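Beneath this line is the structure, given in structure tokens, with notes to follow.
Treat the numbers as computed from the prediction; the structure is a model and nothing was measured. By convention in this document, chain letters (A, B, ...) are assigned in the order of the sequence lines, proteins followed by strands, and residues within each chain are numbered from 1.
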Amino acid sequence: MTRPTFTLDGVAISFDEGQTIIEAARKAGVFIPFLCAHPEFPAHGSCRVCTVLVNGRAMASCTTKAADGQVVESNTAALTRDRQALVQMLFVEGNHFCPGCEKSGACTLQSLGKDLAVTSAGFAHESPTRPVDASHPDILLDFNRCILCELCVRASSDVDKKDVFALSGRGLDKHLIVNAESGRLADTGMATTDKAMSVCPVGVILWKRRGFADPIGKRPHDVESPRQRVEGKGKTS
Amino acid sequence: MRADSPGVRSTSDILDAHRGDPTRLVQILRDAQRECGNWLPARVITEIAAGLGLPRARVEGVAGFYAFLHLSPVGRFRVLVSDNITDQFAGSREVAGALCRRLGVKRGRVRSDGRVSVDFTSCTGLCDQAPAILVNGQAVPRVTGMRLDAVVRCIEANLPLEEWPQDLLRVDDGVRQAGPVLSATLAPGEALKKMLHEPAERVLAVLEGSKLRGRGGAGFSVATKWNTCRLAPNDCVVVCNADEGEPGTFKDRLLLMRHADHVFEGMTIAARFTGATAGFVYLRGEYEFLAPHLREVLHQRRAAKLLGTSIAGERGFDFDIDVHLGAGAYVCGEETALLESLEGKRGVPRHKPPFPVTHGYLGRPTVVNNVETFADAAWLFANGLDAWGALGTPQSSGTKLLSVAGDVERPGIYEVPWGTTLREVLTLAGAERTKAVQVGGPSAELVPPSMFDRRLAFEDLPCAGAIAVFNDSRDLLDVVVNYAHFFAHESCGFCTPCRVGTHVATRSLDKLRRGQGSQSELNELNTLTRLLRDTSHCGLGATAPNGWRHYLDRFQDDLQRRLSVEFQPAFDVEKALAAARVARGDEP
Amino acid sequence: MTAKVRVATTSLAGCFGCHMSFLDIDERILPLLDKVTFDRSPLTDLKHAGPCDVGLVEGGVCNEDNLHVLREFRKQCKVLVAVGACAINGGLPAQRNQFDVGDLLRHVYFEEPGLTRRVVPDDPELPALFDKVRPIHELVKVDYFLPGCPPPADAFWAFLSDLLEGRDPRLPPGAIRYD
């Protein structure tokens with residue numbers, strides 16, 4: 001029996017029933033840009049950079065199920081412009097200073113920006129004031145870089161069963177909070193062994209005393225970018 | 001309870017009153033806040049979380065989502081000035097200024113004695129009686145002159161709201177033209193009894209034959225929605241969307257004040273048809289003052305055996321309705337965000353599919369309809385298909401309630417048959433020298449005079465209710481800027497384009513209004529229009545650009561006069577240098 | 001022979017690191033000089049820019065002098081290019097943006113230990129600081145952006161080559177960097 005297929009930029013992609021478009025594409029080695037999607041967690045659909053045209057209609061490919069005969073477009077000039085603008089929005093919303101960030105070279109937002117050839121922030125910077133939380137002996141939270149993907153919220157809840165993180169506020173004031181009356185990470189059950197420790201795509205959740213360990217050129221995304229990882233073209237593969 | 005006195009109910013009393021049910025979290029937070037002097041101290045959040053078995057951060061996150069729940073102190077008299085654009089044109093800014101001055105408080109701050117705070121809020125649905133304020137949830141219309149004096153006096157006298165002059169708190173019906181639906185006086189149960197013993201197929205035939213479509217904006221077929229729900233496995237739920245948040249809309253206020261029985265009757269008919277056992281009215285926080293009346297009507301209907309078990313003597317026909325209050329979140333008018341809120345969560349719209357008709361409240365099949373839709377359904381079953389069919393156009397059957405406000409002689413509520421032209425509505429309301437009309441609210445259409453002959457109908461100019469009229473003395477950029485700020489304030493913040501894009505748009509539009517906007521801002525707004533429309537998670541983001549889009553497209557002459565040739569910074573250069581100049585003593 | 005393209009460069013709230021990286025194009029500067037002549041630039045030590053074809057601006061805007069220079073560049077240059085992280089998003093200097101600039105000045109000149117004269121310098125020659133450090137596109141219209149801290153020499157080379165040949169500049173893969 002033949003598997004159902006859809007076309008992605010003209011290329012036939014077969015899929016299993018129930019798979020989303022981005023999952024099927026990833027399995028087939030085709031990269032659709034993403035930020036908040038994570039293979040180990042259910043789709044979130046908040047960053048919107050994985051937006052594709054499904055039979056001509058714009059949809060998030062992480063939340064849209066693949067269907068037989070779908071015509072999906074991803075690599076178009078208009079979608080690239082949209083994705084660039086979304087990445088720029090995330091950059092101006094927070095305080096992202098790559099030259100001084102421990103996560104530089106391992107940051108999905110940074111890699112995506114470069115992949116999309118984003119050269120400027122485009123919009124005016126928000127320059128919000130977001131104090132860091134250095135209360136925990138081993139973990140630093142730098143909220144300046146948060147893109148609100150909720151991966152830490154989901155990991156702490158679904159995997160760690162600790163619910164260390166949640167979101168409060170709304171609109172541009174939406175922000176990450178921790179599960180303590182004091183508002184301090186030290187007063188939560190967070191541990192470095194938690195899944196939530198390793199899922200942040202940007203530089204919010206950091207090990208203290210561990211930064212800039214890899215020289216430029218040898219950092220994780222220097223070796224293999226998110227695109228190369230999906231396309232199987234990383235230097236290590 | 002006096003506004004200034006300490007709480008009497010403990011957190012555990014409140015939790016008990018809500019049966020410790022986490023789905024009632026928004027209601028619990030509202031009640032707890034009232035006992036704590038209008039805000040939620042960290043300790044209370046911790047107690048509620050512990051009592052409900054929820055992570056504390058999740059409870060804090062829910063409280064942090066809603067504009068009417070406060071994690072830091074506000075005044076024990078919390079005064080909110082409705083700040084829709086027609087309110088502004090009616091003097092809301094002056095009212096806020098006068099209140100702040102007279103009460104000795106800065107806007108957005110709490111007076112040092114903790115007595116009072118004054119701030120703006122999104123449209124409170126009293127545009128026909130503007131400028132209006134809410135005091136601890138209680139509406140006070142027409143706050144000018146002696147009425148403003150009276151408000152100040154009551155607050156300074158620390159008078160509990162129950163003791164304020166009744167005249168001050170009276171909200172007028174505002175009916176200017178009653179059609180068949182508003183003139184109807186159905187006896188409780190009259191419509192229900194006409195369909196009670198009809199087989200489902202016959203009821204469906206009436207619904208299909210009526211072509212009744214949802215009145216909340218999307219215009220979805222009621223027959224299809226109800227029937228999908230009826231056929232879905234599991235126990236159904238009927239929800240009345242009374243989150244009338246679209247600025248400039250206030251017709252549901254009237255239906256709930258004067259025709260609550262019709263609305264509940266429509267819900268009960270839906271329950272009979274779908275087999276639902278549970279019903280909710282999701283009432284916007286701004287309409288808190290209507291809740292006692294609604295609960296009283298529900299009580300009467302229970303006493304009349306029109307709610308509860310064995311309704312109208314029918315064994316197995318069990319259905320009841322609960323009133324849930326929102327807490328200041330426009331996005332909860334989106335049906336899946338509403339359901340999240342009903343479940344005690346942050347009002348973030350869900351991914352669709354699945355749709356509420358199959359997976360709604362707590363995963364159960366759920367009918368969500370607008371207040372007016374239920375009232376229309378009751379009218380339809382009371383008066384029959386033929387009477388209904390005589391109203392409206394072939395594709396838009398029945399009548400529509402319009403909330404007319406702004407620059408008109410006679411603001412208020414008008415019931416017109418679908419198919420009425422906008423020009424006819426303007427004439428009815430006494431509009432002159434009209435420059436533009438926002439039809440259906442900020443999320444819908446800004447209509448120039450060249451389009452006034454369009455018909456209000458799903459097939460031409462759809463309208464969920466709001467008709468905001470602007471005459472030639474108004475600056476349309478004031479209008480567009482107000483709408484943009486509204487969306488930025490009301491974005492739930494879930495998806496990037498809406499969270500950031502609505503805010504970025506306000507900056508560009510503010511610049512345009514100040515005469516500092518150039519081609520760069522127009523390019524940016526065009527980018528945002530496409531981005532928000534195509535990539536937003538829900539309808540709020542997708543429709544947020546409509547205000548500025550129609551202005552840029554349809555009011556080119558107006559726009560061109562406002563454009564600056566050169567790019568200009570968005571900030572005031574001199575002001576940006578002031579802090580450093582003061583520090584080094586260049587300036588006093 | 002056609003007239004040479006006039007290029008001006010400057011550093012606002014920057015560290016001249018971008019200029020150094022530009023010079024890292026090494027011997028390629030010789031063929032470049034066949035086509036390009038420098039107007040105001042650290043290389044020429046001219047104090048004001050005349051009419052130019054291209055202006056390369058390093059650094060963000062942290063004080064009123066920066067704004068003055070930036071406006072002169074915008075006025076004189078047909079094509080204005082934001083060069084490097086600081087020009088593009090404020091960079092390292094912008095990390096002060098979450099503090100009140102008045103508080104910062106008072107802290108530095110009044111509260112730091114070892115100060116003998118507790119006064120904020122107010123010589124009229126010293127430009128006043130802005131409340132925030134801003135990227136240049138928030139003050140003037142910018143035509144192109146060369147990201148990086150600094151942008152690699154190859155990015156300068158590729159960008160200027162495209163521009164001089166009349167092509168729309170495109171940075172080669174690997175030449176777009178944010179650090």
Show the numbers, then the answer: is there a salt bridge (Lys or Arg N to Asp or Glu O under 4.0 Å) between C/Arg6 and C/Asp39?
CA-CA 6 Å; C/Arg6 285 191 83 79; C/Asp39 195 281; 2.9 Å; yes
Close approach to chain C in residues 102-116 of chain A, criterion heavy atom under 4.5 Å:
A/Ser104, A/Gln110, A/Gly113, A/Lys114
Do C/Phe16 and C/His19 make the cut of ring centroids closer than 6.0 angstrom?
yes
Going by an N to O cut-off under 4.0 Å, is there a salt bridge joining A/Glu40 and A/Lys195?
yes
Just by modelled atom types, is the A/Glu150 backbone N or O under 3.5 Å from a matching donor or acceptor in the A/Arg154 side chain?
yes
Look at A/Arg130, A/Arg219, A/His96 and state which one has the largest set of heavy-atom pairs under 4.5 Å with chain C.
A/Arg219
With the threshold set at 4.0 Å, does a side-chain nitrogen-carboxylate oxygen contact exist between C/Arg96 and C/Asp131?
no
Tell me, for C/Ile88 versus chain A, whether the close heavy atoms (under 4.5 Å) come from the side chain, the backbone, both or neither.
both
Between C/Arg134, C/Arg177, C/Arg170, C/Gln98, which has the largest tally of heavy atom pairs under 4.5 Å with chain A?
C/Gln98
Select one option (side chain, backbone, both, neither) describing which atoms of A/Val92 are under 4.5 Å from chain C's heavy atoms.
neither
Interatomic distance, A/Asn95 atom CG to A/Phe143 atom CZ [nearest 0.5 angstrom]
13.5 Å
Donor-acceptor check, side chain of A/Asp9 to backbone of A/Ser74, threshold 3.5 angstrom: yes or no?
yes
Surrounding OH of C/Tyr109 (heavy atoms of other residues, nucleotides or ligands, distance under 6.0 Å), is the total greater than 12?
no
Contacting region of A/Phe123 [heavy-atom separation from chain C under 4.5 Å]:
backbone
Per-residue contact mode, C/Pro151 against chain A (heavy atom under 4.5 angstrom)
neither
Please classify the contact of C/Ala94 with chain A as side chain, backbone, both or neither, using a heavy-atom distance under 4.5 Å.
both
Please identify which of these residues, C/Asn66, C/Leu67, C/Val133, meets the side chain to side chain contact (heavy atoms under 4.5 Å, CB included) condition with C/Leu12.
C/Asn66
